[in-house]
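Have a look at the structure below before the remarks.
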Amino acid sequence: VGNDALGHPAASVAPTTQARTVLRPLPHDAVRLGSEGWLGRWQRLNRTATIPHCLEQLEVAGAIGNLRRVLDPEVGPRRNMLFSDSDLYKTLEAIGWELGDDRHDDADPLAAAFEAITALVAAAQEPDGYINSYWGRDGRPRWSDIRDGHELYCAGHLLQAGVAAARNGDDRLLEVGRAFADLLVERFGAPDAEAVPGHPEVEMALVELWRHTGTAAYLDLARSMIDRRGRRWLGEGRFGAAYYIDHTPIRDQSEVTGHAVRQLYLLCGATDVAIETGDAELLSAVERLWEDAYTKKTYVTGGQGSRHRDESFGDPYELPSDRAYNETCAGIASVMWNWRLLLATGKRRYADEMERALYNAAAVGLSEDGTHFFYSNPLQMRAHHDGSTEDSPSTRLPWYGCACCPPNLARLGASVHHHVATVTSRSLQLQLFTPGRVEADLADGTVVLDVETDYPWHATVSVTVVEAPGSPWELAVRRPGWCARAEMSVPGNPGPAHERDGYLVAERAWQAGDTAVVTLDLEPRWVGAHPAVDATRGCVAVVRGPIVYCLEDHDQESGVDLDDLAVDRSVAPEAHERDGIIVLTGRGTTGAAADWHGTLYGSDPGPAPAGREVRWTAIPYYRWANHGENAMRVWLPVASRASEVAGAPAP
Ligand SMILES: [Zn+2]
């Protein structure tokens, strides 16, 4: 179990053969990312910089010491957050995807770390399977705070780490996890057990453990935790039942609400349960909540959860730029949830949102050097921001007191190649565009493809068939929803490709050496927001392909104040190569702000006069804050032009 018929290890989300999905994921080792591509560079940086950095910080911050202390109280006092075990498990999951893997030749130091920490975790496990460095000791009984104690959350991350390593051939952590999962089934599996975890996460972990081991009790427990939720069993807590998404059953829920990461993890688990149990009602509830999230409560970057106070979704259209919370973990959870929905339904919109979150909301969490992180991700940073707390720092920090995000990025980076392609019996769908090799088993035989592209910077994606069965099969390439025009040429058929449901498709008896060339439209585009998003009214964002751009102070001409810049959207932005990426430049004005004489409010001065013409430079949003503290903005006021001042409608 856990491997396919030919022995390939399964990927991070591996629905069983009886699961109701439209698309199937490829095995863990089916996609090799070319090291020159965006995804491949990230995966290498993750392996060489981010994961080693996480290991170091887990030691410095005490997460590893907390487990040592379980074995030897003389080690000293417990340190850090009560859920620090989960930071450790997420890092182990990241290494799990790198283990024993001939994708790379430099994974060995990670294997040694995995070995040592797994031995520590196993030693810290109690005879009945329980393991937690905070609960069950020091006068804190097990399960005495299911709402806020994160015990089941930590358990979930242990199970996911165990599954990752086991899929790569190392079962030791899986065995630790299974013993704990068996205890969870005993403790929470009874039909009259009411408990639901305060922080969802264990649900999707239990489903994946079931997928890997075939032990049905794990799926049953995940399903009952989903179904029990919403009866206010957890009480109100500090922020109310909706914070825990325990205010109404998920099947009746009409809006995403509460703590964004909890909501999104719960939806991942619910999607998994719906797929595996063929629960169409649950899947339709999940899709309904997706509609709410992505039509009313998502930033242009794909970030989610606007409120700092309780890390929650706001009201519909409550999407302020400067106080955007947008936890990096929520961006990662968006990738996870959309991937599950893509498999379940085959609908392109889920691949589009997965891509948007990946390149923007998740990627912005990581520095260029791979060792500094954002937890919250505003879309505007003012020049004199007080960045002295980790709640909203002015620049990325090497670690956090609440360190959920860095190791979450590490596990996504290590498994990001899982999201590149999907299959049905006679079709292969390219969902993300990256140089590399894709290998898939279709009904009639193995397909091997070499993909060449410099996406997201350049518009061409060449797919060369290396190996194929002689019989016809279909190559399907996603035309992203933002891409107005796309073409696919195939040998002997230069005409426009057939398009079906957002995918360019060509079915034929492909021969080795055949190349399909896809050209996407990467012209920079102005994006506006629904007028109900008051915070961005009168502004535009500039986007190219899947990449959202921002203006950073230090890239601008001298004398340009970001708080006083307006862009001229009648002039199309120009793309330029710089340091291996594409930056955009355009025209605008500055210096038009009226003099407010030191006051905050006064009589309306009317339309601003035309300011001085300037040229602005924009960089990808995910790259901001890599060169010191700096003002930044994504949403840009539109310059008044004579015609607009006179009351004519804007173009
Ligand atoms: Zn986080």
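Predicted model only: the values in this text are computed from it and were never measured. Just so you know, these numbers use all the heavy atoms, side chains as well, and skip hydrogens, waters and symmetry mates.
In this structure, the side chain of Asp171 does not engage the main chain of Leu174 through any donor-acceptor pair within 3.5 Å. Looking only at distances, a side-chain donor or acceptor of Thr21 sits under 3.5 Å from a matching main-chain atom of Leu23. A donor-acceptor contact shorter than 3.5 Å is absent between the side chain of Asp246 and the backbone of Arg229. Between the Tyr325 side chain and the Ser392 main chain, no donor and acceptor come within less than 3.5 Å of each other. A distance-only check finds no donor-acceptor pair linking the side chain of Asp85 to the backbone of Cys154 [under 3.5 Å]. For the pair Ser321 (side chain) and Leu379 (backbone), a donor-acceptor distance under 3.5 Å is absent. No donor-acceptor pair closer than 3.5 Å links the side chain of Asn326 to the backbone N or O of Pro378. Within the 3.5 Å criterion, the main-chain N or O of Ala293 finds a donor-acceptor partner in the side chain of Thr298.
Every residue was checked against the side chain to side chain donor-acceptor pair (under 3.5 Å) condition with Tyr549, not counting sequence neighbours, and none meets it. Listed by chain and number, the residues in a side chain to side chain donor-acceptor pair (under 3.5 Å) with Gln429 are Thr422, Ser427 (sequence neighbours excluded).
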Could you pull out every donor-acceptor pair under 3.5 Å between side chains of residues 331-341 and any protein atom, sequence neighbours left out?
residue, atom, partner, partner atom, Å
Ser334, OG, Tyr294, OH, 2.7
Ser334, OG, Asn338, ND2, 3.3
Trp337, NE1, Thr271, OG1, 3.3
Asn338, OD1, Trp290, NE1, 2.7
Asn338, ND2, Tyr294, OH, 2.9
Asn338, ND2, Ser334, O, 2.9
Arg340, NE, Asp272, OD1, 3.2
Arg340, NE, Asp272, OD2, 3.0
Arg340, NH1, Met336, O, 3.1

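At a threshold of 4.5 Å between non-hydrogen side-chain atoms, the residues Trp635 and Val300 count as touching. Looking at heavy atoms from C-beta onward, Glu439 lies out of side-chain contact with Leu26 at the 4.5 angstrom threshold. The shortest distance between side-chain heavy atoms of Thr257 and Phe313 does not fall below 4.5 Å. Between Val13 and Pro25 the shortest side-chain heavy-atom distance does not fall below 4.5 Å.
Salt-bridge formation is detected for the pair Lys297/Glu255: a Lys NZ or Arg NE/NH1/NH2 atom is positioned less than 4.0 Å from an Asp or Glu carboxylate oxygen. Between Glu201 and Lys90 there is no salt bridge, since none of the side-chain N atoms of the basic residue sits less than 4.0 Å from a carboxylate O of the acidic one. Using a 4.0 Å cut-off between charged side-chain N and carboxylate O, Glu287 and Lys347 make a salt bridge. A salt bridge between Arg426 and Glu474 is absent, with no side-chain N of the basic residue lying under 4.0 Å from a carboxylate O of the acidic one. Between Asp315 and Arg307 a salt bridge is recorded (basic side-chain N to carboxylate O distance below 4.0 Å). A salt bridge between Glu507 and Arg500 is absent, with no side-chain N of the basic residue lying under 4.0 Å from a carboxylate O of the acidic one. A salt bridge does not link Arg223 with Asp279: none of the charged nitrogens is closer than 4.0 Å to a carboxylate oxygen. A salt bridge does not link Arg411 with Glu98: none of the charged nitrogens is closer than 4.0 Å to a carboxylate oxygen. Using a cutoff of 4.0 Å between basic side-chain nitrogens and carboxylate oxygens, Asp352 and Arg356 are not scored as salt-bridged.
Evaluated for a ring pair (Phe, Tyr, Trp, His ring centres under 6.0 Å) with Tyr359, the options Tyr621, Trp38, Trp482, Trp42 yield exactly one hit, Trp38. Just one of Arg479, Arg478, Gln431 meets the side-chain hydrogen bond (donor to acceptor under 3.5 Å, both in side chains) condition when paired with Tyr503; it is Gln431.
In this structure, His418 has its ring center closer than 6.0 angstrom to the ring center of His28. Remark: aromatic rings of His259 and Tyr244 are distant, center separation not under 6.0 Å. For His157 and Tyr89, the gap between ring centers reaches or exceeds 6.0 Å.
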Working note: Asp182 + Tyr218, criterion side-chain hydrogen bond (donor to acceptor under 3.5 Å, both in side chains); need CA distance, chi angles, decisive distance, verdict.
CA-CA 8 Å; Asp182 291 341; Tyr218 305 147; 2.6 Å; yes
Test Glu353 against Arg348 for salt bridge (charged side-chain N to carboxylate O under 4.0 Å, His left out), laying out the working first.
CA-CA 9 Å; Glu353 291 298 345; Arg348 179 191 67 178; over 6 Å; no
Assess the residue pair Asn377 and Thr328 against the criterion (side-chain hydrogen bond (donor to acceptor under 3.5 Å, both in side chains)); give the C-alpha distance rounded to whole Å, side-chain angles, the decisive distance to 0.1 Å, and a yes or no.
CA-CA 7 Å; Asn377 293 289; Thr328 300; 2.9 Å; yes
Please step through salt bridge (charged side-chain N to carboxylate O under 4.0 Å, His left out) for the pair Arg349 and Glu291, ending with a clear verdict.
CA-CA 11 Å; Arg349 66 184 194 176; Glu291 295 267 355; 2.7 Å; yes
Arg211 vs Glu276, salt bridge (charged side-chain N to carboxylate O under 4.0 Å, His left out): CA-CA, chis, key distance, verdict:
CA-CA 9 Å; Arg211 286 167 173 164; Glu276 291 295 345; 2.7 Å; yes
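When all heavy atoms are compared, the tightest approach of Tyr265 to Tyr153 is CE2-CE1, 4.2 Å.
Considering OG of Ser306 and CZ of Arg323, their distance stands at 11.0 Å, rounded to 0.5 Å.
A cation-pi arrangement is present between Arg142 and Tyr130, with the terminal nitrogen or guanidinium carbon under 6.0 Å from the aromatic centre and inside a 45° cone about the axis.
A donor-acceptor pair shorter than 3.5 Å cannot be found between the side chains of Arg20 and Thr277.
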